[in-house]
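Down below is the structure, laid out as structure tokens.
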Amino acid sequence: MAEAAGAQGAAITRRGVPIPLLVLLAAIIAVAAGPYVLDTYSVNVLVRSLFYAAVALTVDLLWGYLGILTFGQSAFFGIGAYAVGLISTHVGFTPGLAALSLLAGIAASMLVAGIVGWLAFFYGASALYASVISLVLPIVVVQLLFAGGNFTGSSSGLSGFDSFDDVSVETWFWIAGAFLIVVAGCAWRFVASDAGRVLIAVRENEQRCQYLGLDTPRLKIIAFVATAAICAAAGYGFACYTTVVSPEQAGFVFGTELVIWVALGGRGTILGPVLGAVLIDYESAQLSGDYPFVWQLIIGSVFVAVIVLFPRGLLPLIGDALRYIGPKVRPAVPPELVELPMHVVAGTTGPALAIHGVAKHFGSLKVLDGIDVSAAAGELVSLVGPNGAGKTTLIRCIADGSERSAGRVAINGHEIGGMSPDRCVRLGVGRKFQMANVFDTLTVAECLQMARIRHGFPSVLRRASRIGLPRPALHVIRTTGLDHALMTPARLLSHGMKQALELAMVLALEPSVLLLDEPTAGLTKAERTLIGGILVDLAATERLCIVLVEHDLDFVREISSRVIVLHQGRIVLDGSVDDVVNSDLVKQVYAGGGHGVGAAA
Amino acid sequence: MSIRKLLLGACLMGAGLLPTASQAADAITIGIPVGLSGANSVVAPSVVQAAQLAVDEINAAGGVLGRKLALEVSDDASGAAGAQRAFDSLIFQKKVNSLISMETSAARNAGLPIVTRGKTPFIYTSYYEGRSCNRYMYVDAWVPDQQVGPMVDFFMKSKGSKTFFLVGSDYAFGRGMLEFTRAYIEKHGGKVVGEEYAPMDATDWTAIISKIRSSNPDALMMSTAGGVPNVTLTKQLRAAGIKALYGNLGLDEGTAKSMGADAEGTYLSGSYYTSIDSPANKKFLAAMQQKFGADLKTPNDLSVPEYEAVYLYAAAVKKAGSVDSDKVIPALATVSFDGPRGTIRMDKQRHAPLTMYLGQVTADGSVTLMSSFKDVDPGAQCPALK
Amino acid sequence: MISQLLDIVTSAAILYAIAVGLLLVFGVLKIINFAHGGLMTLGGYAALVTTQFGLNPWLAIPAAALVGAVVGMVIERVVVRPLYVRPLDAILATWGLGIIIGQLITIGFGRGVQFVQSPLSGTLEILGEGYSQYRLVLVLIAAALGLALSLLLHGTRLGLDTRAVIMNEDLARGLGINSTLVRFITFAIGSGLAAVAGALITPLSSVDPNMGVPWLVNAFMLVLVSGASLVSLLVACLVLGGAQVLISSLVSPVLGGITIAVLAAIILRVRPAGFARG
């Protein structure tokens, strides 16, 4: 499904006109001509379908691109509709009030989205949880509308209120069509932009995003609030056109219908949900009248089949077929890599990393206990110890404020407290995971761009033609040859290249404390030497404080300025390479640890 | 046409999307938007059958103005969105001459703006919470003003009830009915000791039953949504051993029958019961039985008004001499029909005075009629429409 | 006062019976089974058919369990298993299955409300107050279900494997546990329990094609707030079910109807582990 999103915007016809532009042109013509060639009935039905399609598009942005499966967009549609329904019924309808109710609807739905977003998206919340919350939202909204008695019209809703009565159905068709084209056009522009990549990156690997300094819950809340505004505007248009508002419009059945349209049309595409919404809604108007129960059964069955068999939906299938017979995609031009001037960090006098009394326990099991470490800029500290000694746990406690059970951690003199990883990154922490942790469906260039996101949110309109990177990151890329693979999707890279890419991404953060969890695991001897050299160089010339978990004691001996031995959650030795090599204690630890030495060899 | 086809095809991809040809051109078509699926799907088939019988009888007698009547049925899924589709399809695609149907209030409200746009006469045949007014709409079923009085009067005068507890589903009908009921009880010297609403899909009435138990009223007045809430509340009341008189404003004969012993003793009130002892009703029931045989859905307080409304529409067209809206609309207020429920004439602000009955459910689920109240006035429903 | 206490205990018991199957599936498969409502409905209709055959109404419970478990097996094999690596798609697919079950029941039995003979009716005197016997018996049944599941989880080999999968599936697989089988059996048991819950509520509720739906969201929230523990589910049912009863009777049933969902969401926001320890 991700390829569908990735391929968008790159498709170009032989003559060089982007396909989406052609689609846009066709859509404009279709909307303009619609009322002249369609009968009143079709125009009528399509006005509603077009508004629905805009809402479906927001479901797609959240679900197909950002990975938030939401059943609750109907609630915002309903809020937008009720804003005008309530104001027109109880106050009146003048041009001023019409504008006011549009703004009120948008504001109210954004407020609700903000509250729900706060409930649904926080560091550590699961995607499943957010989905269930999104299901609760329309149920609560409908319950409140029912409870509103005469004010909201309860189950009957409000009907026949004053609206733009002299606007003809044909004009409404143009309004709804134009609204959809604007929403779809903006959405297309957005998802094809650098900022659009960010959504996909969050969907693909939220953890990596957080460790690149991106506050993903906040991003999700912003996206949720923004789409709520679009839904409210659609609801407003819908209510003004039909002069009916009813609880059904805000209900979860409509919310799930939207998901069906998107799933069948093609999530992660712009055109798919639009076609899905318009076609299925139009078709329902015909078929559900004739075969009410069977129609539902068919929709349900097709839906399950598509989810299981064609998760990308139906449009991408057609797209694949067209691409097979049609014009080939022209390879896009890779962005240029540019070296950025280094930030000169104001000389902090204290240690780069200060750990005091850190402990971590699961119930009665103590994984870490009483850890005190202090490391200065320019030091290259290796953490060694047998499996289960707590090395990775310690790394985690430095990079995520919510991990440790007790103690204090300070980066460049700043306490991390209970900070989430993205805020730790802002203090100067960079963490490379044990398993190469990159964005599989993004290209190398896009992965690198993601790593620069905390230095400036990318454009929501265009793709950057150059990527500025700090010298150490560039160095890694050039020495490993990644600069010749900028347009390669990361999942196609070799294991070693992925490791190098992740290291480059972490270095692009310009960290002052670099945490590396077995950076050489699974690498060839040559690659290991290369990485070792880079690390030594980083510590020496860039004055980075590097903490590294390593099993390969030879490697440790070659590069470390200092070694810390962990055993059963405690520091048993903290000294120079020689101290450790000559320590009987360490030999005992490894012997007692069983396979530790073997693994290291 | 070919360009249109092409464009439709291009935009909509699919043969099924093209509008189907409507009924034979010379027939007068009546659209029935009704809840074949959703909440009304239990009662909808009986409504369609009643309409079919009326149309057949009228056609057998030579039709109207020399033209036959024809029906177009469309599912509104018992809700607003479905109703918009159904009304659009009937008015603009099938181009029906009129609409005659029972629907949920949400569906009716959703359809009314489309009726206005299409300037199509619409006879609404469902009892409802009252005061829904539209230039093109008439109603031949009861409103609270007609139904509540007989039951409350009976409880107060014949049973000596003084304290009432009101329970409703939280929807327009539930609230509308009980709002009127409370006012009526208080006006006549009774006391409302509790008024509670549960969500429309509520299946758990625990808290409300506790309140009923502690306030110990003489009589309960219920206005719960048809079907599920009716059933769950009744069952749970019985299980809890509540002994108060029990009047249900939303219970129909059919549901009472299927509930059997659980519903025993429940009082209900309405304008039609199968046991109404009149020649017109007997003739109607016999004709229904003959036409539908084993497939017959028991006629009820929602299907009989449909039957009568078809006759009223036919009479209005005849009187107007045309199907033209501007002529049929005023004519509808002047015609009358002697049907199973008596003589129906929609001359009170688009509503009809009706003969109302008070009944009680017996142990086998059938309804015994206790008394009738002739031509109960609907009150001021739509003063603005005269 | 005493009746309010009984209301809380019996409401919690009903919620527990409804949510326990969902909890099991959530613990092992890490998905919320959106078909849970459909499976409950299936159980209700199993009870209907049982009593229509003139069998003892209590037999409805094993009958529902059987129907639910068999349907659950089919669902797991055909729909859920292929979606193992796509949990969000799995919940969507189970939701679609809920629609399919509802429509098939509608086509088979009609849209109307059906009536099932209650195995027990009437009231019992408790401290001078008459209280519904069936609700009281439900407390015993819910307790029995909880105990039986605890015994299964803590007293059998399958239970040990299941607990291992709940804690850490990768590790469990590394230890040679057939996690695919564990998932399969768990889903079947969870579905069976859903159907049993459907049969259990028939004397209180109506039997119609959508009967499971109104319970669904509350069950979801109770499970999310309990993690994967039978004990925390009990606590959650008592606390949130109690809150629902109190708010319904003291404030309004309409607010009571959304109490569980809203409270659970707030609890999870403040304390992501919910009622689970840790």
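Only heavy atoms go into these numbers, but all of them, side chains included; no hydrogens, no water, no symmetry mates. Every chain is numbered from 1, with letters handed out A, B, ... down the list of sequences.
Contact between A/L297 and C/Q103 at its shortest, heavy atoms only, is CD1-CB, 3.7 Å. Nearest heavy-atom pair, A/F122 versus C/P272, reported as atom, atom and distance to 0.1 Å: CE1-CG, 3.6 Å. In this structure, A/I307 and C/A93 approach most closely via the heavy-atom pair CG2-CB, 3.9 Å.
In this structure, the portions of A/S301 lying under 4.5 Å from any heavy atom of chain C include both its backbone and its side chain. Neither the backbone nor the side chain of A/L309 comes within contact range of chain C; no heavy atoms are under 4.5 Å apart. With a threshold of 4.5 angstrom between heavy atoms, C/I100 approaches chain A through its backbone and through its side chain. Residue A/F146 does not touch chain C at all, counting heavy-atom pairs closer than 4.5 Å. Both the backbone and the side chain of A/W118 come within less than 4.5 Å of a heavy atom of chain C. For C/L268, the parts sitting under 4.5 Å from any heavy atom of chain A are the backbone and the side chain alike. Only the side chain of A/I133 comes within less than 4.5 Å of a heavy atom in chain C; its backbone stays farther off. For A/T256, the parts sitting under 4.5 Å from any heavy atom of chain C are the backbone and the side chain alike. Of the atoms belonging to A/V302, not a single heavy atom falls under 4.5 Å from chain C.
Test C/V223, C/L224, C/I91 against A/V132 for side chain to side chain contact (heavy atoms under 4.5 Å, CB included) and you get one pass: C/L224. Partner of A/V304 under the side chain to side chain contact (heavy atoms under 4.5 Å, CB included) criterion, out of C/I75, C/L92, C/V79, C/V78: C/V79 alone.
Other residues, nucleotides and ligands place no more than 12 heavy atoms under 6.0 Å from the NZ atom of A/K366. Residue C/N168 places its CG atom among more than 12 non-hydrogen atoms of other residues, nucleotides or ligands, all under 6.0 Å distant.
Atom CE of C/M221 is separated from atom OH of A/Y129 by 5.5 Å, given to the nearest 0.5 angstrom.
The aromatic rings of C/W95 and A/F71 sit tilted relative to each other, their planes meeting at an angle between 30° and 60°.
Of the residues considered (C/A90, C/G98, C/P87, C/G96), C/G96 shows the highest number of contacts with chain A, using heavy-atom pairs under 4.5 Å. Per-residue heavy-atom pair counts under 4.5 Å with chain C were compared for A/V308, A/I260, A/I298, A/V306, and the maximum is reached by A/V308. Comparing C/V217, C/I99, C/L88, C/I258 by heavy-atom pairs within less than 4.5 Å of chain A, the highest count is held by C/L88. The choice from A/V140, A/L119, A/V136 that makes the most heavy-atom pairs within less than 4.5 Å of chain C is A/L119.
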